[in-house]
Each structure stands twice: as C-alpha cells, then as structure tokens.
Amino acid sequence: MFTLDELEHALQQVHAVFPGTPQYAWPLLAGRTGAEIWVKHENHTPTGAFKVRGGLIHLERLAREGRAPRGVISATRGNHGQSLAYAGQRFGVPVTIVVPAGNSVEKNAAMSALGARLIEHGADFDAARAHAKALSETEGLLFAPSFHPDLVVGVATYSLELFRAAPPLDVLYVPIGLGSGICGAILTRDLLGLGTEIVGVQSAHAPAYALSFAAGHPVVAESADTRADGLAVRVPDAAAFEIIHKGASRIATVSDDEVAEAARIYWTDTHNLAEGAGAAALAALLQDKEGLRGRRAGVVLSGGNIDLSLFQDWVMGPAAPAV
C-alpha cells in the first residue's frame, strides 16, 4: 500500500505539524503483568487520538490537487471527524461530519470547535456513514472514508515512531475500529523486517473483524452495542480485512467491563486518561498476561477522548472494583 520512502515522507509531514508522541515503559504495568509493557501515547496528539495523522495526510493531498472544491463529508463516532476538522482548518477545506444519534457530546463539541458542520443521523456509525455518502452526492461534497490509503500511511507514522524508539517488541496489541491503525502497524512492521507479532483487539459487543478473521472473509456483525464507541463498527472494510487477515496473528475480543478495568489501570498506573477504544489493547494484554511474563509487549493507547459523564458512570462508577 506504501513504501518506506512514502512512510518517511508522511512522518515528515506529520512532524511539521506536531512532534511525535511518546512511548514509555511504565513500571507499575510491568509489576502488574510480569512483562515489560511499552505504551504508545496517541492520546497526546493535538486531537487526543491517532486519527489526526491520517487526516493531515489526506486533506493536504486533496487541497494540493484541488480535489474537494466544495469540501469533504464523512461519518464518525468522533476521532476521525476531529482529524478531518483539524486538517480542514489547516488546509482550508470545509468539513461536514455525520454522527449517529447519541454520539459523544464532548467529541461533537470538539468537532464543531474545529470548524466542522455537524449533522446527526442514524442509530449507529454504519447508518451515519450511509447518510454521509448520500449527502456527498446531493451536496457535491467529496466523501472522505474512514479507511483510505492516505489515512493508513498517515496513522502508520505512529508505528514507525514506536518501532524505532522502543526496544524490539515480542508482541503489539492494536485496537480495531475500521482498521487503519492496525493495518498501518502491520505494513510498517513488514517494511522494517521485524518479527513482532501483532494482535488486533475488538469489542466483544462489536466483533465484525473477529468474526471475519475466523471465517476467512468479511462478515457483518449483527450489532455494535459497546460503550467503547471507537470500536463500534458492524461492517468491516474489505481492503482492511485483507491486510489484517494476512498480517495479524489473531484478533482478541474484550468486554466493556474489561475495557473499563483497563481504563482504570491506565489512570492508576500511568495517570493517563483513556477512552474505551484507547484502553482496549491493554484489556486484551491483561487477558494474556500469564503468557507474557518475561517478554516485551506494546500497547497502543489510541485515544483519550471520553466524555466526563461516561468516565464517571462507566469507568469510575460506584460499582468499580479497586485496582
């Protein structure tokens, strides 16, 4: 999908806007698991999530080529939309975002603050995406998908930073929404000739890629009812699935309770706030901790954009166990 030279160029473009995010080996996580755990802190980007890297690459090209004279439109649960809005402001491209009903109040506010026109439609991400595609035709806007080669090479820059800064990793756990993050990690690992095992992570309540991985072909999930909204996808992308099926060792699934526990652990052990999708990779690693003792593992904290009310109710509610 891209060469190492293209990935290096994308990294230069991203670093012209913001510095690379840190990766730390946290001692409390090591004590909890018996493994050396490196966290890639994509919650430290300007939008609080990894997606902004892809948005910058995609909209820079569209603006340079004059591909979206009337602007772009897309659908999101939040982080993809923030990435487009952030990049749209930078490159002068109007951005319209369709979100499903009941979407994150704070992510909606962030997208609006970045200049996006916000439209609410549908019960879930896939319904919002269908509406966005229809509006692209009627309003003459360019549809910006959540999975695209520009987005993959853009978000792959976090993997390049991680693989170069951390010691060799035995395994890397990567959350899967529509798939750009894990595809970028797989392709970067292969370009660098590394032997790191890559494990995809999905919500057990939105397991489209896990079902597809087991079946060997794309499978649509019946629902995507998870509080980890960045993982709430029912329909897998065929191109993403092909890369994941070839390059990931497996796909783990985690429950909302396990994700909430991982978010609490991030807070207590690193004092970092993780949204549901951001905590999912750690939740999967914790499932595997007995087999990871003495090894070196990486986890992607892909975002920290969780509504305060959801954090209080779900992660830090009165029923939350001590960690």
Side-chain angles (χ1 to χ4, degrees), residues 1-4 6-21 40-65 67-68 71-91 93 95-97 107 110-111 114 116 125 129 132 142-163 174-189 191 200 230-231 233 236-237 239-241 243-244 275 277-278 300-305:
M1 182 175 282
F2 52 82
T3 66
L4 186 56
E6 290 169 332
L7 180 56
E8 295 276 15
H9 180 63
L11 185 66
Q12 292 174 5
Q13 289 179 273
V14 169
H15 286 180
V17 181
F18 64 90
T21 60
K40 182 56 172 169
H41 282 284
E42 289 298 281
N43 58 317
H44 291 185
T45 72
T47 64
F50 77 105
K51 289 278 192 178
V52 67
R53 297 172 180 267
L56 287 167
I57 301 303
H58 191 43
L59 265 67
E60 185 279 332
R61 183 178 66 80
L62 294 179
R64 174 167 39 85
E65 296 177 356
R67 293 275 312 281
V72 300
I73 187 169
S74 192
T76 187
R77 293 302 303 258
N79 289 334
H80 174 58
Q82 286 186 71
S83 80
L84 293 177
Y86 181 89
Q89 264 193 345
R90 185 173 183 86
F91 299 116
V93 178
V95 173
T96 297
I97 298 296
K107 287 180 179 176
M111 288 183 280
L114 287 167
F125 165 75
R129 179 170 56 178
L142 183 68
F143 180 76
S146 300
F147 188 87
H148 183 281
D150 287 347
L151 304 181
V152 176
V153 71
V155 301
T157 59
Y158 83 64
S159 300
L160 187 59
E161 292 172 0
L162 173 62
F163 285 135
V174 186
I176 304 175
L178 205 56
S180 62
I182 189 172
C183 289
I186 289 168
L187 295 169
T188 302
R189 175 202 62 188
L191 285 172
L231 305 179
V233 174
D237 182 272
F241 170 73
I243 295 169
I244 295 167
E275 63 182 280
V300 182
L301 201 176
S302 60
N305 298 323

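With rounding to the nearest 0.5 angstrom, the OG atom of Ser146 is 10.5 Å from the CG atom of Asn79. Rounded to the nearest 0.5 angstrom, Phe50 CZ and Ser180 OG are separated by 4.0 Å. From Arg189, atom CZ reaches atom CG of Leu162 across 13.0 Å, with rounding to the nearest 0.5 Å. A distance of 5.5 Å separates OG1 in Thr45 from CZ in Phe18, rounded to the nearest 0.5 Å. Interatomic distance, Leu84 CG to Thr96 OG1, rounded to the nearest 0.5 Å: 10.5 Å. One finds the OG1 atom of Thr157 at 11.5 Å from the CD atom of Gln12 (value rounded to the nearest 0.5 Å).
In terms of heavy-atom proximity, Ala87 sits nearest to Gly55 at CB-O, 3.4 Å. Of all heavy-atom pairs spanning Val52 and Pro46, the tightest one is CG1-CD, 4.4 Å. Taking both residues in full, the closest heavy atoms of Ile182 and Gly200 are given as CD1-CA, 3.4 Å, listed atom of the first, atom of the second, then distance. In terms of heavy-atom proximity, Ala156 sits nearest to Phe2 at CB-CZ, 3.7 Å. Leu7 and Val153 make their closest contact through CD1-O, 3.7 Å (heavy atoms, listed as atom of the first residue, atom of the second, distance). The two atoms that bring Thr3 and Leu191 nearest to each other are C-CD1, 3.9 Å, heavy atoms only.
Checked by atom type and distance alone, the side chain of Thr47 never pairs as donor or acceptor with a backbone atom of Ser83 at under 3.5 Å. No donor-acceptor pair closer than 3.5 Å links the side chain of Gln13 to the backbone N or O of Ile57. Side chain of Glu42 to main chain of Val300: no donor-acceptor pair is present (N/O by atom type, distance under 3.5 Å, no hydrogens or angles).
For Phe147, there are no ring-ring contact (aromatic ring centres under 6.0 Å, His included) partners, not counting sequence neighbours. Taking Asn43 as the reference, His41, Asn272, Leu301 meet the side-chain contact (heavy atoms from CB on, under 4.5 Å) condition, with sequence neighbours excluded. Remark: Ala185 engages Ser159, Leu172, Val174, Ile198 in a side-chain contact (heavy atoms from CB on, under 4.5 Å) (not counting sequence neighbours).
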Stepwise side chain to side chain contact (heavy atoms under 4.5 Å, CB included) test for Thr76 and Met111: CA-CA 10 Å; Thr76 187; Met111 288 183 280; 3.7 Å; yes
Checking Glu60 against Asp150 for the side chain to side chain contact (heavy atoms under 4.5 Å, CB included) test, could you report, in this order, the C-alpha distance in whole Å, the side-chain angles of both residues, the deciding distance, and whether it holds? CA-CA 10 Å; Glu60 185 279 332; Asp150 287 347; over 6 Å; no
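With a 4.5 Å cut-off on side-chain heavy atoms, Arg129 and Phe143 count as touching. The shortest side-chain heavy-atom distance between Glu8 and Leu160 falls under the 4.5 Å cut-off. Using a 4.5 Å cut-off on side-chain heavy atoms (C-beta onward), Leu62 and Val93 make no contact. Put simply, the side chain of Arg90 reaches to within 4.5 Å of the side chain of Leu56, judged on heavy atoms. Taking the side chain as every heavy atom from C-beta outward, Tyr86 and Leu59 never approach each other to under 4.5 Å. Side-chain contact between Asn305 and Gln82 is present, with heavy atoms from C-beta onward closer than 4.5 Å.
For the side chain to side chain contact (heavy atoms under 4.5 Å, CB included) with Leu151, the qualifying choice from Arg53, His58, Lys51 is His58, the only one to do so.
Between Glu275 and Arg77 there is no salt bridge, since none of the side-chain N atoms of the basic residue sits less than 4.0 Å from a carboxylate O of the acidic one.
In His148, the NE2 atom is crowded: over 12 heavy atoms of neighbouring residues, nucleotides or ligands sit closer than 6.0 Å.
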